[in-house]
There are 2 protein chains.
Amino acid sequence: MEVTIVDSQRLAIQKKIDKVLCSKADVTSCCPIKDILARFGDKWSIYTILTLGKEEKLRFNELKSQINGVSQRMLTVTLRSLEEDGLVSRAVYAEIPPRVEYSLTPLGEGLLLQLLQLADWAKLNINQILDARERYGNKEMQA
Amino acid sequence: MEVTIVDSQRLAIQKKIDKVLCSKADVTSCCPIKDILARFGDKWSIYTILTLGKEEKLRFNELKSQINGVSQRMLTVTLRSLEEDGLVSRAVYAEIPPRVEYSLTPLGEGLLLQLLQLADWAKLNINQILDARERYGNKEMQA
DNA sequence: ATAACTAGGTTACTTTTAGTAACTCAAAGG
DNA sequence: CCTTTGAGTTACTAAAAGTAACCTAGTTAT
């Protein structure tokens with residue numbers, strides 16, 4: 001149970017990594033994984049996608065109240081960038097007061113499914129990570 | 001091919017999301033997915049994990065030259081935080097000039113496998129995202 | 001013997017990005 | 001005519017990412 005990657009897997013993994021990393025020269029221009037991860041590196045994007053995943057449509061203030069701690073500006077900025085990438089769609093109804101409904105696009109739902117897979121791994125391993133952090137903290141103390 | 005999530009899946013997904021989001025109150029304290037994603041939200045962590053995945057051990061400057069564009073400080077900071085979380089291990093040899101070897105821990109290799117899965121999705125869908133961005137850019141122009 | 005090189009960092013500084021608080025719009029209700 | 005409502009902006013501050021120059025201590029080259 002010590003080794004996660006066995007030698008037979010290693011070669012295939014190395015090939016895959018090479019493809020993911022693209023050639024060294026143009027990491028910034030073509031690397032899809034960087035692009036995708038940059039998308040939810042900021043903490044609000046994940047919550048926004050997950051929250052929108054629960055109900056098919058949500059209005060701005062419904063989202064704001066369900067995503068605990070987000071400010072208006074941060075939610076606006078997050079939604080705009082998700083919309084820009086085609087992960088979230090925004091429907092504006094010309095009413096007063098205004099009504100705007102947000103929902104995941106099919107592409108956004110696809111990403112949601114990936115996030116949930118990652119969440120499964122996270123749930124299984126979070127304790128190992130927390131333990132490691134604690135050990136590291138103790139080591140720091142001594143130094 | 002339009003709809004990614006069919007109704008039969010919807011309920012299971014909603015349940016999963018609820019678990020992932022934890023209760024609204026303690027998002028900051030317990031949410032594993034936030035913790036995991038926060039880990040490679042910064043752009044260098046992904047590259048570091050992927051690069052370490054290719055070879056079992058790498059020295060500081062080998063890493064630095066393989067991760068195109070990273071500065072010494074950023075690599076140091078990134079490696080320290082990965083080490084803190086138990087994803088990367090750091091072996092120091094008391095020589096002059098110093099030798100320090102970095103490698104993925106089993107936990108880190110587990111995360112690597114997850115990242116590669118995500119990369120598969122990213123590769124399949126990056127064009128849709130780039131197209132959406134272009135459309136959005138054009139819409140902006142008109143406004 | 002001193003200048004430059006090495007590996008693996010730090011320190012001090014600058015630029016981006018995240019985040020907060022207060023303001024806007026236009027109509028409806030009191 | 002003053003407040004409320006929903007969905008945002010604007011102007012500002014705090015925090016994070018990133019850069020450039022420096023450090024250490026022993027080895028080789030001049």
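FYI, side chains are in, hydrogens and waters are out, and symmetry mates aren't considered; it's all heavy atoms of this structure. Chain identifiers are assigned alphabetically (A, B, ...) following the order of the sequence lines, protein sequences preceding nucleic acid strands; residue numbering begins at 1 within each chain.
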Between A/Glu101 and A/Arg99 (salt bridge meaning N to carboxylate O under 4.0 Å), is one present in this structure?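 A/Arg99 and A/Glu101: salt-bridged.
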Check ion pair B/Arg10-A/Glu109 (N to O, under 4.0 angstrom):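 So B/Arg10 pairs with A/Glu109 through a salt bridge.
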Protein N or O to nucleotides 5-10 of chain C N or O, pairs below 3.5 Å:
from: C/dA7; atom 1: O3'; to: B/Arg59; atom 2: NH2; distance (Å): 3.3
from: C/dA7; atom 1: O3'; to: B/Pro98; atom 2: O; distance (Å): 2.9
from: C/dG8; atom 1: OP1; to: B/Arg59; atom 2: NE; distance (Å): 3.4
from: C/dG8; atom 1: OP1; to: B/Val100; atom 2: N; distance (Å): 2.8
from: C/dG8; atom 1: OP1; to: B/Val100; atom 2: O; distance (Å): 3.4
from: C/dG8; atom 1: OP2; to: B/Phe60; atom 2: N; distance (Å): 3.4
from: C/dG8; atom 1: OP2; to: B/Asn61; atom 2: N; distance (Å): 3.1
from: C/dG9; atom 1: OP1; to: B/Arg80; atom 2: NH2; distance (Å): 3.1
from: C/dG9; atom 1: OP1; to: B/Arg90; atom 2: NH2; distance (Å): 2.3
from: C/dG9; atom 1: OP2; to: B/Tyr102; atom 2: OH; distance (Å): 2.6
from: C/dG9; atom 1: N7; to: B/Gln72; atom 2: OE1; distance (Å): 2.0
from: C/dG9; atom 1: O6; to: B/Gln72; atom 2: OE1; distance (Å): 2.8

Starting from [atom2] on [N], measure out to [atom1] on [X] and report it in whole angstrom.
| X | N | atom1 | atom2 | value |
| --- | --- | --- | --- | --- |
| A/Glu83 | D/dA7 | CD | C1' | 14 Å |
| A/Met74 | C/dT17 | CE | C1' | 8 Å |
| B/Asp42 | D/dG18 | CG | P | 8 Å |
| A/Leu75 | D/dT9 | CG | P | 11 Å |

OP1 or OP2 of D/dG18 less than 4.0 angstrom from a side-chain nitrogen or oxygen of B/Trp44, does that happen here?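 Yes, B/Trp44 has a side-chain N/O under 4.0 Å of OP1/OP2 on D/dG18.
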On the nucleotide D/dG8, are OP1 or OP2 found under 4.0 Å from the side-chain N or O atoms that A/Lys64 carries?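 Checking A/Lys64 against D/dG8: no side-chain N or O falls below 4.0 Å of OP1 or OP2.
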Would you say A/Glu134's side chain and A/Asp131's backbone share a donor-acceptor pair under 3.5 angstrom?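 Looks like no, no N/O pair under 3.5 Å.
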Check whether any side-chain heavy atom of [X] lies under 4.5 Å from a side-chain heavy atom of [Y], and answer yes or no.
| X | Y | answer |
| --- | --- | --- |
| A/Gln72 | A/Leu75 | no |
| B/Leu113 | A/Ile13 | yes |
| A/Arg90 | A/Leu79 | no |

